[in-house]
Amino acid sequence: MNIKIADKAKQFMNIHDTKKWMLIGVLNALLLVPGYSSAETATPVAKDQSAAIVAPPSADVPDSAPAEAEAVPAAAEPEVPAPVMATEEHEEDEDTGPEASATEPSVIGFDKISAGDTAWMLSSTALVLLMTIPGLALFYGGMVRKRNVLSTVLQSFAITCLVTVLWVVIGYSLAFTPNNLYIGSLDRVMLNGLTYIKETSQISVSHIASTIPESVFIMFQLTFAIITPALITGAFAERIKFSAMMVFIAIWTVVIYAPIAHWVWEPGGWLASQGVLDFAGGTVVHINAGVAGLVCAYMVGPRRGYGKEPFPPYNLVYTMIGASLLWVGWFGFNAGSAVASDGRAGMAMLATQVATGTAVLTWMAVEWVRKSRATLLGACSGAVAGLVAITPASGFVDVKGALVIGIAAGLFCYWGATGLKRLLGADDALDVFGIHGVGGIVGAILTGVFASKAISGAEGSVVSQCIGVLVTLVYSGVGTYIILQVVDWVIGLRVSPDDEQDGLDISQHAERLA
Amino acid sequence: MSDADKTAVAAHLYVTLRRTANRVIDVEWMSKNEEYAREILRLSRSLGAEDLSRYADRYEELMFGKTAAVAPPPAVVAPVVEKPASTEAPALPSMFDEAAASTPSSDGSGEGSEGSNDRYIGHLR
């Protein structure tokens with residue numbers, strides 16, 4: 001039955017009528033409801049609206065069903081109606097039926113939560129947070145000059161705290177609650193409605209990930225919201241005011257990140273409805289951060305002495321440690337985006353490893369050809385390039401696809417960090433656009449080429465992927481420009497030339513490396 | 001006075017001297033070698049910058065006490081940017097000597113030749 005519904009849903013994928021998308025939303029609901037009450041569809045497919053519309057592939061059943069059956073015996077019984085319990089705030093919606101409730105966060109019994117999925121998502125969340133602190137902090141900190149190491153590391157740390165607060169106050173609600181095509185509702189402001197009642201064994205779940213507690217889903221998505229703006233800091237490293245950076249990031253997270261996350265990952269979002277595939281954030285995280293970083297580099301201006309004097313990295317061992325932490329954490333990022341401990345998560349993990357290793361080898365080979373040597377920074381850069389490019393594709397492609405994406409990432413991102421950087425003329429200090437922007441674009445487009453129906457149940461479309469890329473480039477680019485103009489007008493973006501010469505560590509934070 | 005106090009003032013001298021006169025000093029060696037410290041203080045005052053003179057006075061007070069403020073300069077002038085070849089010289093490069101601390105190859109090997117030419121100029125990778 002699911003397959004028939006899926007076929008019907010796919011017929012609507014190319015119809016741009018609002019009513020049709022509303023129908024697709026209802027179909028989503030029809031499929032999501034049995035999705036967490038039957039063993040056959042026990043694998044929730046968060047962030048993958050196309051896969052949520054079509055039936056999960058039968059190949060996943062052997063992987064997920066035993067774990068589900070062991071952890072939650074009730075979940076193995078087929079044809080059980082969805083356990084959507086109306087909370088007080090949802091009682092008014094009872095007349096719309098349980099199917100409609102599945103398109104928004106709802107409250108279910110403890111017995112419908114998968115212990116295996118929850119354990120994996122808790123682990124994944126910790127892994128993704130590890131990517132930012134200390135992974136990204138060390139990765140960036142090792143590449144700047146000694147006088148700016150502390151300020152660079154502090155930026156990642158402070159953003160972690162800032163986005164945490166913003167996310168629970170409003171970010172999660174705007175990104176992951178249904179409302180319209182473009183933005184979520186305010187129903188979950190201050191996480192209103194988040195439920196855990198031990199006495200009645202009730203717990204709230206997101207409609208996107210119905211086998212794990214909503215609290216875990218909120219945390220998981222929070223770690224993505226943290227690392228995205230933290231990536232941008234590499235573009236304006238060594239010359240931005242700390243206060244301006246904090247204000248910019250706060251606005252950017254709410255105004256840019258949350259809407260794009262809603263478009264792509266909320267099943268009723270605009271780009272999701274266009275069939276754009278983004279398994280773990282190639283568009284939402286990397287293209288978004290990459291283009292924002294490029295605009296920042298233009299707006300803030302080049303560092304004093306850029307292009308005239310060398311800017312030696314402080315300690316590339318820090319960068320290698322950071323890149324390694326990013327690599328390990330990325331398994332939570334990509335495999336965790338399956339939102340289940342199942343076979344698809346395993347495929348995502350495998351694809352991630354294969355693409356990354358391939359990209360490192362490719363980058364080093366290009367360096368060898370062009371400079372007659374391979375470098376540690378090049379290897380670390382190749383790793384991040386491969387990880388970025390495989391991110392949107394990880395849950396959709398097989399090993400062959402991962403190999404090709406890894407090679408493409410190594411080639412294009414090397415060009416992005418060298419030739420394209422010269423062409424653009426911006427002082428993108430740590431090559432945020434060259435690696436995250438270019439890698440994200442390469443990965444997004446190749447996802448459309450290599451998406452395997454056998455793995456994901458979804459067919460890729462290069463046209464749809466290009467639409468997703470272009471929309472993100474334009475919205476993030478223009479939005480970032482406007483925010484920076486406002487911040488520049490109110491606070492001022494750059495430190496004084498003297499402060500820049502002294503280094504941000506001492507001029508902005510009165511600290512220095514011993 | 002504690003070494004931390006002296007180091008804090010010397011750090012200000014370091015950044016101000018680098019900014020105004022493009023001179024690099026060894027902060028650690030200043031606290032260990034009075035002769036070197038006196039020469040740095042003389043240099044700082046000779047530049048005529050108000051903040052440099054203020055830092056020099058403060059450092060002199062911390063290191064030599066107020067009575068030493070009028071002490072005559074040493075007969076032997078120590079070089080500013082070169083470390084004394086004494087066995088007491090610190091084994092590690094100055095904590096502020098960014099070029100020495102962070103340039104990947106400063107040992108004169110083949111890799112260093114690239115580092116001293118165009119490596120890291122206008123690009124990182």
Side-chain angles (χ1 to χ4, degrees), chain A residues 142-149 234 237 302-303 305-316 319 363 366-367 371 373 375-378 380-382 385 413-419 421-422 425 427-431 434-435 497-503 505-507 510-514, chain B residues 2-31 49-52 55 90-107 109-125:
Chain A
M143 284 192 282
V144 297
R145 288 168 290 177
K146 187 178 182 182
R147 68 186 81 157
N148 299 307
V149 173
R303 288 165 290 178
Y306 175 71
K308 296 173 186 168
E309 57 189 67
F311 292 161
Y314 168 61
N315 191 335
L316 290 180
T319 299
W363 189 297
V366 174
E367 277 189 328
K371 298 180 179 176
R373 72 192 67 187
T375 65
L376 175 62
L377 181 57
C380 294
S381 306
C413 291
Y414 181 87
W415 171 72
T418 53
K421 183 174 185 174
R422 282 193 294 273
D427 181 13
D428 181 358
L430 307 183
D431 297 327
I435 292 184
D498 284 350
D499 285 350
E500 187 182 340
Q501 177 67 24
D502 293 344
D505 291 0
I506 204 158
S507 67
E511 291 178 303
R512 60 178 170 77
L513 276 175
Chain B
S2 69
D3 284 345
D5 292 336
K6 284 193 285 188
T7 304
V9 179
H12 285 295
L13 276 172
Y14 173 88
V15 294
T16 313
L17 274 171
R18 192 178 63 182
R19 183 198 307 162
T20 57
N22 201 24
R23 303 299 291 265
V24 177
I25 63 173
D26 189 329
V27 172
E28 283 191 346
W29 190 238
M30 271 187 81
S31 65
E50 185 182 345
D51 49 351
L52 272 176
Y55 291 137
L92 296 172
S94 162
M95 70 178 79
F96 288 98
D97 190 352
E98 192 167 86
S102 58
T103 301
S105 299
S106 56
D107 58 359
S109 65
E111 293 175 345
S113 61
E114 187 190 24
S116 61
N117 291 331
D118 61 352
R119 191 81 170 106
Y120 305 122
I121 297 178
H123 59 85
L124 189 58
R125 293 173 169 89

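Numbers restart at 1 for each chain; the letters A, B, ... are given by sequence-line order, proteins then strands.
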- Item | N/O donor-acceptor pair under 3.5 Å between A:Arg422 side chain and B:His123 backbone |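 Side chain of A:Arg422 to backbone of B:His123, a donor-acceptor pair under 3.5 Å: no, none is there.
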- Task: Locate the shortest heavy-atom distance separating B:Leu124 from A:Leu377; write the atom from each residue and the value.
- Result: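 Of all heavy-atom pairs spanning B:Leu124 and A:Leu377, the closest is O-CD2, 3.4 Å.
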- Query: Taking all non-hydrogen atoms of both residues, which atom of A:Pro312 and which atom of B:Tyr120 are closest, and how far apart?
  - Reply: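 Distance-wise, the nearest heavy atoms are CA-CD1, 3.9 Å.
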- Task: Select, from A:Asp431, A:Leu430, A:Thr418, the one with the greatest count of heavy-atom pairs under 4.5 Å involving chain B.
- Result: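 Ranked by heavy-atom pairs under 4.5 Å with chain B, first place is A:Asp431.
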So which part of [X] gets closer than 4.5 Å to some heavy atom of chain B, the side chain, the backbone, both or neither?
X        : result
A:Phe311 : both
A:Glu309 : backbone
A:Ile435 : side chain
A:Ser507 : neither

- Task: Would you mind reporting whether B:Thr7 and A:Arg512 have side-chain heavy atoms less than 4.5 Å apart?
- Result: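 Yes; the side chains approach each other to less than 4.5 Å.
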- Item | Criterion side-chain contact (heavy atoms from CB on, under 4.5 Å) on A:Trp363 and B:Arg125, from CA distance to verdict | CA-CA 11 Å; A:Trp363 189 297; B:Arg125 293 173 169 89; 3.8 Å; yes
- Task: Calculate, to the nearest 0.5 Å, the distance between atoms CG and CD belonging to B:Asn22 and A:Gln501 respectively.
- Result: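 B:Asn22 atom CG to A:Gln501 atom CD measures 8.0 Å (nearest 0.5 Å).
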